[in-house]
Protein chains: 2
Amino acid sequence: MSQTEGAEKPGTRAEMREETERLILDAAERVFADSGFGGATMQAIAEACALPKANLHYYFSSKEKLYRQVVERIFTVWLEAADSFETSASPEVALRRYITRKMQLSREYRHGSKVWANEVMHGAPIIQDYLEITLRDWTESRVAVIRRWVDAGDIQPVDPRWLLYMIWATTQHYADFAHQIETLNNGPMSDAQWQEATGTVCAIILRGIGLDAGDAVAET
Amino acid sequence: MSQTEGAEKPGTRAEMREETERLILDAAERVFADSGFGGATMQAIAEACALPKANLHYYFSSKEKLYRQVVERIFTVWLEAADSFETSASPEVALRRYITRKMQLSREYRHGSKVWANEVMHGAPIIQDYLEITLRDWTESRVAVIRRWVDAGDIQPVDPRWLLYMIWATTQHYADFAHQIETLNNGPMSDAQWQEATGTVCAIILRGIGLDAGDAVAET
DNA sequence: AAAAACCTTGACTGGTTGGTCAGGTCTGTT
DNA sequence: AACAGACCTGACCAACCAGTCAAGGTTTTT
């Protein structure tokens, strides 16, 4: 996300504000992921970004507002990432790319995924509107694509929704249950393990819907 | 779980105690699932089971003790349910049974699954010992079974762990993300939908590891 | 029937939390 | 240099929380 950030020059007023807001959001994301909305305290977030608590309230009027921004930010990343889904021609390539990208995101945005999972698990009290509008639209368009594949006989007949849920579940599991996986793994997953897991997920799902999984596990 | 419970007769002292404890545990499970550990309040749990707050502290000395019991109870159900895994001869039957059972549990113990997910997602601060001992042992024994299948050429070569994670993720998703699914579904899943989803999950995973998924989707 | 053990509960408390605010500092402009 | 507006923060507060407790009720035992 951040590309050039070695020695932070002062920058303009607006730039500094943005930077501070991002600093707070990053800290908040970590704390919310670790403790949930109710368990997280503004004090903890303040300490996580080495700012006085009152300062957070200067940038974000309330805990709930701050939380909402964190969730919104993640949601945006999710959606953008998932765009690679539609740009591909064949089901094989589209699905393989989508799954691979989602596995990447699980690794890179572990905290974000957790916050999202938390929010949805608790009934999406804060971002229900996102579920009902943005996510619904997005889902419907992907469902239509998959349905076309089914109708054309490209893949085995499945209700597209069960397939999508399966992809979401499997990939996000590696972020949301990272702690469990790491406990069973005696430590964080290595690069090779990530690659192997990604390959296995791709292979099982592709083969599972009647596509040739091939041996191209290492392909990106 | 409870088989004879129409008109509750007074029962013995111990029976009544047990019943009250279960009442509290059920309420706590719901509230913890809805709000997380930090977000849940003893007052809310008390209201959910129509008991004065002080009463909860008579049966469970602290909020954390109560929470631990809730998590332990779910964990036990998980493990017992998963026993059907080893008692079957062929991979097809074993996996189909296991997945089907796990889908059932996602439907019946939605709250429990959420509490477990929450706990693990936050780094298992309270039940880390369970992860490190009980779950690890259980997992290793199942991994051994799957590895034998692979070695015998019964299924495609996969690291058993990625397969297990995939099954856990996919099935538990229907409990943990029930709210999201129901939003996209415009309401709770029907019996037929549950059956279809279960069939699809079975089919994709079985076919995905090189087994004949057959048309036996409706079989139990 | 009386004693003992167990259960129930309203009222209370010490500590913590989200949020406020007045007064201060820094930065750019005139 | 003087002014304005954005930024920062220590100290504070009302609300709320987990947990306590003493007093009263109920059941079982003696």
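Convention: sequence-line order gives letters A, B, ...; per-chain numbering from 1. Predicted model only: the values in this text are computed from it and were never measured.
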Which residues pass the side-chain contact (heavy atoms from CB on, under 4.5 Å) test with A/A44, sequence neighbours left out? A/V31, A/T41
Please identify each residue that fulfils salt bridge (charged side-chain N to carboxylate O under 4.0 Å, His left out) with B/R107, with sequence neighbours left out. B/D191
Does B/R17 put a side-chain nitrogen or oxygen below 4.0 Å from OP1 or OP2 of C/dC6? no
Can you sort out the partners of A/T20 under side-chain contact (heavy atoms from CB on, under 4.5 Å), two or more places apart, ordered by chain and number? A/I24, A/L51, A/Y59
Could you tabulate the donor-acceptor pairs under 3.5 Å formed by side-chain atoms of residues 117-124 of chain B, not counting sequence neighbours?
from: B/N118; atom 1: OD1; to: B/H122; atom 2: NE2; distance (Å): 2.9
from: B/N118; atom 1: ND2; to: A/H122; atom 2: NE2; distance (Å): 3.4
from: B/E119; atom 1: OE1; to: B/Y67; atom 2: OH; distance (Å): 2.7
from: B/E119; atom 1: OE2; to: B/I126; atom 2: N; distance (Å): 2.8
from: B/E119; atom 1: OE2; to: B/I127; atom 2: N; distance (Å): 3.1
from: B/H122; atom 1: ND1; to: A/A33; atom 2: O; distance (Å): 3.1
from: B/H122; atom 1: NE2; to: A/N118; atom 2: ND2; distance (Å): 3.4

Students often get this wrong, so: under 4.0 angstrom with heavy atoms, is B/A46 touching a base, only sugar-phosphate, or nothing? nothing
Between CD of B/Q43 and C1' of C/dT17 the distance, given in whole Å, is 18 Å
Output the residues of residues 47-72 of chain B in contact with DNA chain D, where contact means a heavy atom of the residue under 4.0 Å from an atom of the strand; sort by number or write none. B/K53, B/A54, B/H57, B/S62, B/K63
Quick one: does any side-chain atom of A/R136 pair with a main-chain N or O of A/E132 as donor and acceptor, under 3.5 Å? yes
Could you tell me whether B/A44 contacts a base, only the sugar-phosphate backbone, or nothing, with contacts defined as non-hydrogen atoms closer than 4.0 Å? nothing
Atom-to-atom span, CD of B/E15 to C1' of C/dC7 - whole angstrom: 17 Å
How many Å lie between CE on B/M42 and P on C/dG15, as a whole number? 20 Å
Could you tell me the separation between the CD atom of B/E19 and the C1' atom of C/dC6, rounded to a whole number of Å? 17 Å
State which residues pass ring-ring contact (aromatic ring centres under 6.0 Å, His included) with B/F75; sequence neighbours excluded, sorted by chain then number. B/W116, B/Y130
